Amino acid sequence: MEIKREDLLNLYYYLKFTRRLEDRITSLYHQGKILGGVWTSNGMEAISVGYSYALEKNDIAAPYFRDIGVFLVRGITAKRIMAHYLGKKTGVSGGREGNVHMGDLNFGIFGFPSHLADNYPVGTGAALAFKIRGEKRVVAACTGDGGTSRGDFHEAMNFAAVRKLPIVFICNNNQYAYSTPVRFQMAIRNVAERALAYGMNSKTVDGNNVVEVYKTAREACEIARNGGGPTFIECKTMRMHGHSEHDSAKYVPKELLEEWKKKDPILTMEKYLLENSFAKKDELDGIDLRAKKEIEDAEKFAEESPYPDPGECFKGVYATPIEAT
Amino acid sequence: MEIKREDLLNLYYYLKFTRRLEDRITSLYHQGKILGGVWTSNGMEAISVGYSYALEKNDIAAPYFRDIGVFLVRGITAKRIMAHYLGKKTGVSGGREGNVHMGDLNFGIFGFPSHLADNYPVGTGAALAFKIRGEKRVVAACTGDGGTSRGDFHEAMNFAAVRKLPIVFICNNNQYAYSTPVRFQMAIRNVAERALAYGMNSKTVDGNNVVEVYKTAREACEIARNGGGPTFIECKTMRMHGHSEHDSAKYVPKELLEEWKKKDPILTMEKYLLENSFAKKDELDGIDLRAKKEIEDAEKFAEESPYPDPGECFKGVYATPIEAT
Amino acid sequence: MKEITYLEAIKEALDEEMTRDPSVFVLGEDVGAYGGAFRVTEGLYEKYGDWRILDTPLSESGFTGAAIGAALVGMRPVVEMQFADFISCAFDQLVNVAAKNHYRWGAPTPIVVRAPYGGNIHGGPYHSQNIEGFFFNVPGIKIVAPATAYDAKGLLKAAIRDNDPVIYCEHKYLYRRIKDTIPEEDYIVPIGKARIALEGSDVSVITYGAMVHTAIEAARSLKDNGISCEIVDLRTILPLDKKTIIDTVKKTNKVVILHEQTKTGGVGAEVSALISEYCFDYLDGPIIRVAAPDTPVPFSAQMEEVFIPQAKDVIAAVEKLMRY
Amino acid sequence: MKEITYLEAIKEALDEEMTRDPSVFVLGEDVGAYGGAFRVTEGLYEKYGDWRILDTPLSESGFTGAAIGAALVGMRPVVEMQFADFISCAFDQLVNVAAKNHYRWGAPTPIVVRAPYGGNIHGGPYHSQNIEGFFFNVPGIKIVAPATAYDAKGLLKAAIRDNDPVIYCEHKYLYRRIKDTIPEEDYIVPIGKARIALEGSDVSVITYGAMVHTAIEAARSLKDNGISCEIVDLRTILPLDKKTIIDTVKKTNKVVILHEQTKTGGVGAEVSALISEYCFDYLDGPIIRVAAPDTPVPFSAQMEEVFIPQAKDVIAAVEKLMRY
Ligand SMILES: Cc1ncc(C[n+]2csc(CCOP(=O)(O)OP(=O)(O)O)c2C)c(N)n1
Ligand SMILES: Cc1ncc(C[n+]2csc(CCOP(=O)(O)OP(=O)(O)O)c2C)c(N)n1
Ligand SMILES: [Mg+2]
Ligand SMILES: [Mg+2]
């Protein structure tokens with residue numbers, strides 16, 4: 001598969017954008033401006049950016065909580081995201097939700113329900129709808145290595161395989177579920193082996209290589225789009241921070257982090273672009289600056305935005321409210 | 001593995017016992033003496049008989065609803081079972097439950113919760129207890145091909161594999177879940193392939209051959225007992241009646257039934273015993289008569305037994321009731 | 001006008017809605033060629049095919065989640081639970097995904113979950129449960145429970161057209177036991193509106209589902225003793241029709257709440273609490289609940305009979321209240 | 001005697017019970033070396049090892065089912081839900097296996113499920129839920145919800161020693177915010193017994209969990225206006241301590257029920273219904289419920305503040321009742 005230079009630069013942009021946005025969110029959290037908790041995709045940005053970039057506009061993403069890149073790639077502005085994290089009225093959820101718990105049908109993104117793997121069955125449903133209606137659209141649903149131990153993972157994978165649904169299942173295998181290493185979660189080597197139980201094709205890719213993630217997802221999407229059924233893609237990566245900003249992650253061996261630091265997805269991409277002469281350093285710096293600028297604007301916007309009216313609490317439970325009697 | 005003649009004759013006895021008991025239950029149901037529904041293991045008796053015969057007295061069975069043979073093999077009398085089906089006070093559940101929904105800790109049998117595959121996690125728990133306490137006991141848990149599509153199947157298999165629990169998972173693959181053939185339930189050839197997702201050893205056996213089921217289960221039990229972890233055993237068979245007595249099963253091709261009729265587990269065992277001179281015809285007839293007699297006595301006992309006191313309805317919700325205030 | 005059973009009413013609603021709106025489809029175990037465990041979808045497979053009357057693997061959470069996802073992209077799925085009891089396996093998807101989608105991120109989730117529920121059929125603990133209590137404290141869910149064939153059809157149509165997740169409790173005991181004369185033309189029964197099943201003046205019996213018929217039986221017999229019962233059939237359990245409840249209490253000043261669901265934490269508790277809150281000054285006696293005891297549903301006929309509230313229990317409660 | 005936090009009280013109960021009884025063990029996500037998301041099990045792994053403080057894969061149904069199976073063969077497992085919200089994934093095992101084992105086939109299921117629940121911590125819809133409503137209509141389950149460090153320890157010990165499945169609702173907001181002086185010696189707080197958190201004569205405020213502290217705050221302020229509140233801390237939610245509820249109503253004749261759980265179908269509905277049934281003649285005014293609105297728990301501080309009942313809401317309800 002050939003990738004256009006423009007796409008490569010876009011991928012680079014979204015990697016940077018995601019990293020910078022989450023770095024900023026982390027700072028704001030430590031400043032006490034973001035309440036609750038903060039979970040980031042630091043060091044794993046290539047997965048959400050890569051798989052969502054593989055989607056067409058009409059496709060659907062059913063992300064999990066390390067997938068903020070999906071929101072950026074699909075066109076949700078940093079302004080709305082930042083305001084969302086700050087619990088502002090102008091945020092993606094208008095203050096009803098926090099952190100990566102957001103979704104927007106206008107951008108083809110399903111909200112992430114905290115319960116891990118829940119979005120796998122939900123994703124299959126959209127794929128089923130496309131199949132029923134004969135639409136050439138696909139779904140990409142994502143969860144972590146931890147989420148693959150849940151029943152909903154199993155039920156969704158099996159259903160998609162039986163009905164050959166147009167869906168690509170992504171797994172972010174960052175080697176830990178919170179403090180629990182993969183070897184205490186499953187007795188297999190690669191999460192991809194899970195797919196054998198369903199007769200589903202699977203791939204294991206370098207989750208820190210955005211080009212590889214993108215290409216593999218893109219190919220799987222095309223197979224799905226053309227009636228070839230689902231694929232499971234395991235993206236190997238490493239969680240470089242704690243599980244959340246609360247967590248110092250002492251349980252992760254330092255050497256592991258050292259090793260993976262060298263494989264940072266942004267460094268990897270930079271190197272790839274420079275060495276293959278897709279771009280010069282100053283062009284990349286320009287891209288970075290663009291991301292930086294957007295985030296500064298976003299922060300300003302978010303800070304200046306009003307908090308939601310407390311009365312909003314009572315609204316929106318039903319799409320069709322029953323007239324009060 | 002060598003099997004003693006005595007064991008072979010016992011296996012034959014339990015096959016006959018199970019068949020006759022369920023045949024009688026079916027008649028009583030059609031006579032209106034058994035309320036609700038009746039589901040049998042007709043044509044599949046070798047599975048429950050074979051795997052439960054592989055257990056030691058102190059082991060635990062966590063059966064599913066085609067496993068009435070487990071109750072007989074483990075020593076629950078036909079009297080108590082028959083009374084249970086008739087909703088009598090003297091039945092296994094004292095009238096609180098019906099059909100194969102029964103259990104008895106004194107005989108190491110967990111009650112079957114109707115929700116298929118629920119007994120897989122429950123089974124792992126007993127195995128975990130044995131492991132924690134360092135007891136050399138094992139668990140055999142069973143479900144149908146249909147049940148393997150449920151999340152609880154996945155979560156239990158995975159947990160057992162990770163913790164190398166002393167459990168043997170049995171699957172009765174009778175090619176249908178109610179009206180749904182296996183090919184609409186999973187996109188794999190053998191249910192045993194499910195085990196690949198967990199790094200668990202698996203076997204596919206002829207579920208109509210009680211000796212094969214017994215041997216395979218026995219070996220798996222010994223592996224489990226000695227710290228070798230779980231095994232998944234797929235027993236291929238065919239449901240020879242409708243899903244329940246309500247169901248005429250028109251959706252099953254006649255040829256399939258014809259084909260499997262020839263493989264009837266009792267015929268198979270009879271042939272094996274006679275051809276290998278383990279027994280003569282009249283000895284087998286004697287065994288059959290013994291089963292027949294027990295069931296006649298059981299029926300008499302059950303018919304004559306009183307119905308439960310209606311007030312029993314209110315008792316037994318809690319093991320430690322809160323003093324009424 | 002034609003006479004059809006409660007079960008036929010459900011099937012007709014499905015059939016007509018599927019014809020009217022191509023986004024409606026049915027999924028669940030054995031709903032396809034087999035026509036469902038209770039034969040509710042019988043004949044629909046032949047008419048709408050494999051993808052609109054869709055057999056699923058045995059996986060309630062998976063197919064309920066799939067229904068949610070399909071709904072999010074414009075479909076109107078109707079999920080069949082083979083028995084309502086198995087809805088426990090789909091609890092998480094319903095409570096944490098379907099119920100919260102709209103509040104959390106503005107996405108309507110127009111799914112209907114058909115739940116064949118209730119006892120009196122010798123089903124025992126796992127084939128007789130009333131499951132409305134599982135969802136009764138969950139904002140974002142709607143629950144309906146028709147008592148008549150007319151309402152069974154009209155409420156299912158309303159549920160399918162509604163933009164929220166609706167749990168449709170269809171009482172198995174009523175499937176083939178009751179009939180109604182139904183209009184030929186399209187109609188719905190609006191969600192959120194109770195109905196007066198019987199007008200009366202001395203005491204209100206507030207109930208729903210199969211118990212409406214038990215209430216009517218009791219009312220007939222009470223009438224012979226000169227006691228006039230007003231029977232309120234809630235029809236929608238969540239959200240409750242407060243106005244109809246308040247109006248009947250203001251009229252009769254005496255209330256018996258009747259349900260097959262176990263007593264503690266049942267719908268009756270909420271109805272009682274609403275009345276205490278809004279009609280305190282109109283009450284001429286305690287609010288009595290007649291409900292199943294706090295036990296699983298026992299199998300044996302003898303025990304199940306004391307489990308399921310009977311007309312005589314309603315009569316006793318009403319008489320006690322009349323003496324008050 | 002020593003002063004410890006609510007969280008420490010939970011940990012001490014676990015530690016002491018594990019020492020006392022080798023059949024007690026803990027399982028759940030990240031409970032092992034990490035010590036649990038809230039650090040409740042911190043230090044226990046070092047003391048009891050990998051098989052008694054047992055990390056599980058991410059699989060609530062699987063490990064809750066495993067706890068049930070272990071209990072059936074003589075263990076006393078304590079399951080930790082990382083957040084109570086995730087108990088929805090284990091709903092089926094709890095409701096259909098654990099709750100019914102004893103009734104169906106006489107097998108006790110002594111498991112405790114620790115459910116870190118409740119809001120006021122900016123957790124949003126998925127990390128703030130009150131989950132008692134999921135199980136409140138399920139016979140066979142017991143539910144406790146301590147409001148103090150003293151009760152947190154005593155109720156957890158009682159729950160571990162109890163032979164039935166107990167859902168132990170530990171309020172996250174209280175973990176490090178409240179302390180109690182606790183006896184050195186072993187004690188339990190019996191399941192099924194409420195306590196009078198504050199004696200009073202004008203009005204009863206019946207509540208539990210974190211709201212007990214809200215009630216106390218309100219009572220203090222009401223006292224300045226000459227209104228004397230009696231506060232009942234239910235402690236056990238299922239089954240309810242009817243006697244204490246009835247006694248307080250007979251004493252004060254006025255009732256406010258307060259909970260953080262959403263209103264419709266909440267524990268308050270049942271408490272209200274019990275009062276209407278048993279104390280009708282003692283009531284001098286309507287039974288008022290102060291509860292969270294029927295919505296998911298919103299994230300933003302502004303919205304969450306109107307979601308969580310506040311002392312001022314209790315004061316307003318009491319004052320309204322006093323004017324009655
Ligand atoms: C069903 C469920 N149980 C527990 C949690 C709490 N929890 C949040 S993240 C997490 C670990 C997730 O691990 P993994 O799936 O590998 O994702 P990662 O955080 O590593 O990206 C846990 C246990 C949850 N969100 N959902
Ligand atoms: C969770 C759950 N969903 C639905 C049912 C209803 N049901 C009872 S048996 C059955 C089919 C079971 O198929 P399988 O597991 O293959 O067992 P078999 O009947 O073929 O022995 C179904 C759907 C159930 N018992 N449990
Ligand atoms: Mg992970
Ligand atoms: Mg089968």
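Just so it is clear, the model here is predicted, and its values are computed rather than measured. Order of the sequence lines sets the chain letters (A, B, ...), proteins ahead of strands, with each chain counted from 1.
A heavy-atom distance below 4.5 Å is found between the side chains of C:Ser276 and D:Ser276. Side-chain contact between C:Leu274 and D:Arg289 is present, with at least one heavy-atom pair separated by less than 4.5 Å.
Within a 6.0 Å sphere centred on CZ of C:Phe280, other residues, nucleotides and ligands contribute more than 12 heavy atoms.
The minimum heavy-atom distance between C:Tyr103 and D:Pro298, with the atom names listed, is OH-CB, 3.6 Å. Nearest heavy atom pair, residue C:Ala269 against residue D:Ala273, reads CA-CB, 3.8 Å. The minimum heavy-atom distance linking C:Lys100 with D:Pro296 is given by the pair CG-CG, 4.1 Å.
Here the CD1 atom belonging to D:Ile87 is positioned 11.5 Å from the CG atom belonging to C:Asp92, to the nearest 0.5 angstrom.
Across C:Ser272, C:Gly124, C:Pro239, the residue that shares the most heavy-atom pairs under 4.5 angstrom with chain D is C:Ser272. Taking chain C as the reference chain and counting heavy-atom pairs below 4.5 Å, the highest number among D:Leu238, D:Ile288, D:Leu94, D:Asp281 is found for D:Asp281. Most heavy-atom pairs under 4.5 Å with chain D, from the set C:Asp85, C:Asn96, C:Val95: that is C:Asn96.
Of residues 315-324 of chain D, those residues with a non-hydrogen atom less than 4.5 Å from any non-hydrogen atom of chain C are, in numerical order, D:Tyr324. Contact residues of residues 131-138 of chain D toward chain C are D:Gly133, D:Phe134, D:Phe136, D:Asn137, D:Val138 (heavy-atom distance under 4.5 Å).
With a threshold of 4.5 angstrom between heavy atoms, C:Gln129 approaches chain D through side-chain atoms but not through N, CA, C or O. For a residue to count as touching a neighbouring chain, one of its non-hydrogen atoms must lie under 4.5 Å from one of that chain's; by this rule C:Leu283 touches chain D with backbone and side chain alike. With a 4.5 Å cut-off on non-hydrogen atoms, D:Arg104 touches chain C through its side chain but not through its backbone. For D:Phe299, no part sits under 4.5 Å from any heavy atom of chain C, backbone or side chain. Within the 4.5 angstrom heavy-atom criterion, only side-chain atoms of C:Gln261, from C-beta onward, approach chain D.
With sequence neighbours excluded, no residue forms a side-chain hydrogen bond (donor to acceptor under 3.5 Å, both in side chains) with C:Tyr168. Contacts of C:Lys142 classified as salt bridge (charged side-chain N to carboxylate O under 4.0 Å, His left out), with partners at least two apart in sequence or in another chain: C:Asp162, C:Asp164.
At least one donor-acceptor pair under 3.5 Å links the side chain of D:Glu270 to the backbone N or O of C:Gly265.
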